[in-house]
Amino acid sequence: MGLDLTLVAADWERLRETPVEDRIEALEDAIWPPDLDDTYYLTHGGDKGWIRPPGRDSEWCAEYRFFCTTGAYRWHSRAGDAWADLRPLADASLREAMDRFLNGLLRYEDPADDPTVTGAGGFFPAATDRRHRPTLLICPPDAAPAKAHAWHQAAPRLEELRGPFAAECAGWAGRPDTFEDFTALLREWGEVVTEATRRGWGLVGLP
């Protein structure tokens with residue numbers, strides 16, 4: 001069984017009120033309130049888009065469920081690998097925008113700068129701390145606007161990537177099945193970073 005990705009957008013200022021070692025648990029309690037009965041989860045378990053359970057916690061935190069994946073992290077990992085394959089064939093300005101958009105979301109930067117290892121400068125427990133579950137990604141609120149800006153630069157030019165995708169990714173095992181699958185996931189990530197920027201929130205990927 002592979003990893004699942006639970007993507008959460010949250011107000012960092014609200015999380016600052018919680019001790020570092022308890023912040024991931026606070027996020028999980030906010031998106032899966034322990035006091036909700038099974039009926040709620042049976043009714044809303046298949047919902048897509050932004051999910052906010054009833055209650056006051058929905059004011060500072062929301063889960064995003066992707067329309068074009070099963071919830072498995074492998075879809076995001078495969079898309080990141082596809083970008084790594086095709087990026088040398090992309091125009092330099094588009095490549096730069098896509099790198100700024102995707103680094104830390106679908107593809108990792110240099111491990112020394114990887115926020116999943118550092119815990120976003122100590123905002124979350126570091127992945128090297130075995131007492132805590134590692135995160136799959138962290139995008140602090142101050143990083144989201146640059147990603148949203150890069151996305152709005154890249155989005156009108158995605159069609160330019162069709163040829164490079166066909167040359168490097170189409171038909172390859174472990175890559176998105178089609179160019180449309182690839183760009184559909186990119187567009188959802190664009191929606192995510194745009195909404196996080198609008199709210200001044202950060203993003204956390206929980207396994």
Side-chain angles (χ1 to χ4, degrees), residues 1-36 40-41 44-81 101-109 111 113-144 147 185-186 188-197 199-207:
M1 299 223 10
L3 287 171
D4 286 339
L5 171 65
T6 300
L7 184 65
V8 184
D11 182 348
W12 251 230
E13 293 307 312
R14 169 63 177 76
L15 280 172
R16 289 185 198 280
E17 301 172 8
T18 303
V20 171
E21 62 271 17
D22 297 329
R23 287 174 184 168
I24 291 177
E25 183 178 357
L27 288 172
E28 292 174 334
D29 286 345
I31 61 175
W32 301 310
D35 57 340
L36 289 182
Y40 174 83
Y41 292 105
H44 298 280
D47 288 354
K48 302 292 184 179
W50 291 105
I51 308 296
R52 295 178 174 84
R56 60 184 177 80
D57 284 343
S58 63
E59 299 173 358
W60 68 269
C61 179
E63 177 187 358
Y64 185 83
R65 296 181 188 168
F66 290 85
F67 286 87
C68 60
T69 78
T70 63
Y73 180 67
R74 71 176 181 273
W75 298 97
H76 307 274
S77 177
R78 288 169 58 181
D81 289 342
F101 169 48
L102 294 179
N103 275 342
L105 299 180
L106 295 190
R107 68 186 282 264
Y108 293 128
E109 297 171 306
D113 301 320
D114 187 347
T116 64
V117 174
T118 64
F123 193 82
F124 290 100
T128 52
D129 186 341
R130 295 185 178 182
R131 296 171 299 172
H132 301 284
R133 293 166 57 198
T135 56
L136 295 175
L137 65 95
I138 299 172
C139 177
D142 59 358
K147 290 190 176 297
L185 187 57
L186 296 184
E188 289 206 69
W189 276 105
E191 155 65 19
V192 166
V193 297
T194 298
E195 179 65 10
T197 297
R199 290 180 173 271
W201 289 0
L203 300 170
V204 185
L206 304 177

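- For the pair Gly202 and Pro141, the tightest heavy-atom approach, listed with the atom from each and the gap, is N-CG, 3.6 Å.
- Using cut-offs of 30° and 60° on the angle between ring planes, the pair Trp12 and Phe123 is parallel.
- When all heavy atoms of Trp50 and Ala62 are compared, the pair lying nearest together is CE3-CB, 3.9 Å.
- The shortest distance between side-chain heavy atoms of Cys61 and Val8 falls below 4.5 Å.
- The side-chain heavy atoms of His76 and Phe66, taken from C-beta on, include a pair separated by under 4.5 Å.
- Under a 3.5 Å cut-off, the side chain of Glu188 and the backbone N or O of Phe67 do form a donor-acceptor pair.
- Shortest non-hydrogen contact noted between Phe101 and Leu186 is CZ-O, 3.7 Å.
- The side-chain heavy atoms of Glu13 and Trp60, taken from C-beta on, include no pair separated by under 4.5 Å.
- Lys147 contributes a side-chain N or O that, together with a main-chain N or O of Asn103, makes up a donor-acceptor pair within less than 3.5 Å.
- Looking at heavy atoms from C-beta onward, Trp189 lies out of side-chain contact with Leu102 at the 4.5 angstrom threshold.
- Considering all non-hydrogen atoms of both residues, Thr135 and Leu206 come closest at CG2-CD2, 4.4 Å.
- One distance of note links CG of Leu185 with CZ of Arg78; it measures 10.5 Å at 0.5 Å rounding.
- In this structure, the side chains of Leu7 and Tyr73 stay at 4.5 Å or more apart for every pair of heavy atoms.
- When all heavy atoms are compared, the tightest approach of Leu5 to Gly205 is CD1-CA, 3.7 Å.
- With respect to the salt-bridge test (charged N to carboxylate O, under 4.0 angstrom), the residues Glu63 and Arg65 qualify.
- Side-chain contact of Tyr64 with Glu191: a donor-acceptor pair under 3.5 Å is absent, judged by distance alone.
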Take Leu105 and Val193 through the side-chain contact (heavy atoms from CB on, under 4.5 Å) test and state the conclusion after the steps. CA-CA 10 Å; Leu105 299 180; Val193 297; 3.8 Å; yes
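- With values rounded to the nearest 0.5 angstrom, Asp22 atom CG is found 13.5 Å from Glu17 atom CD.
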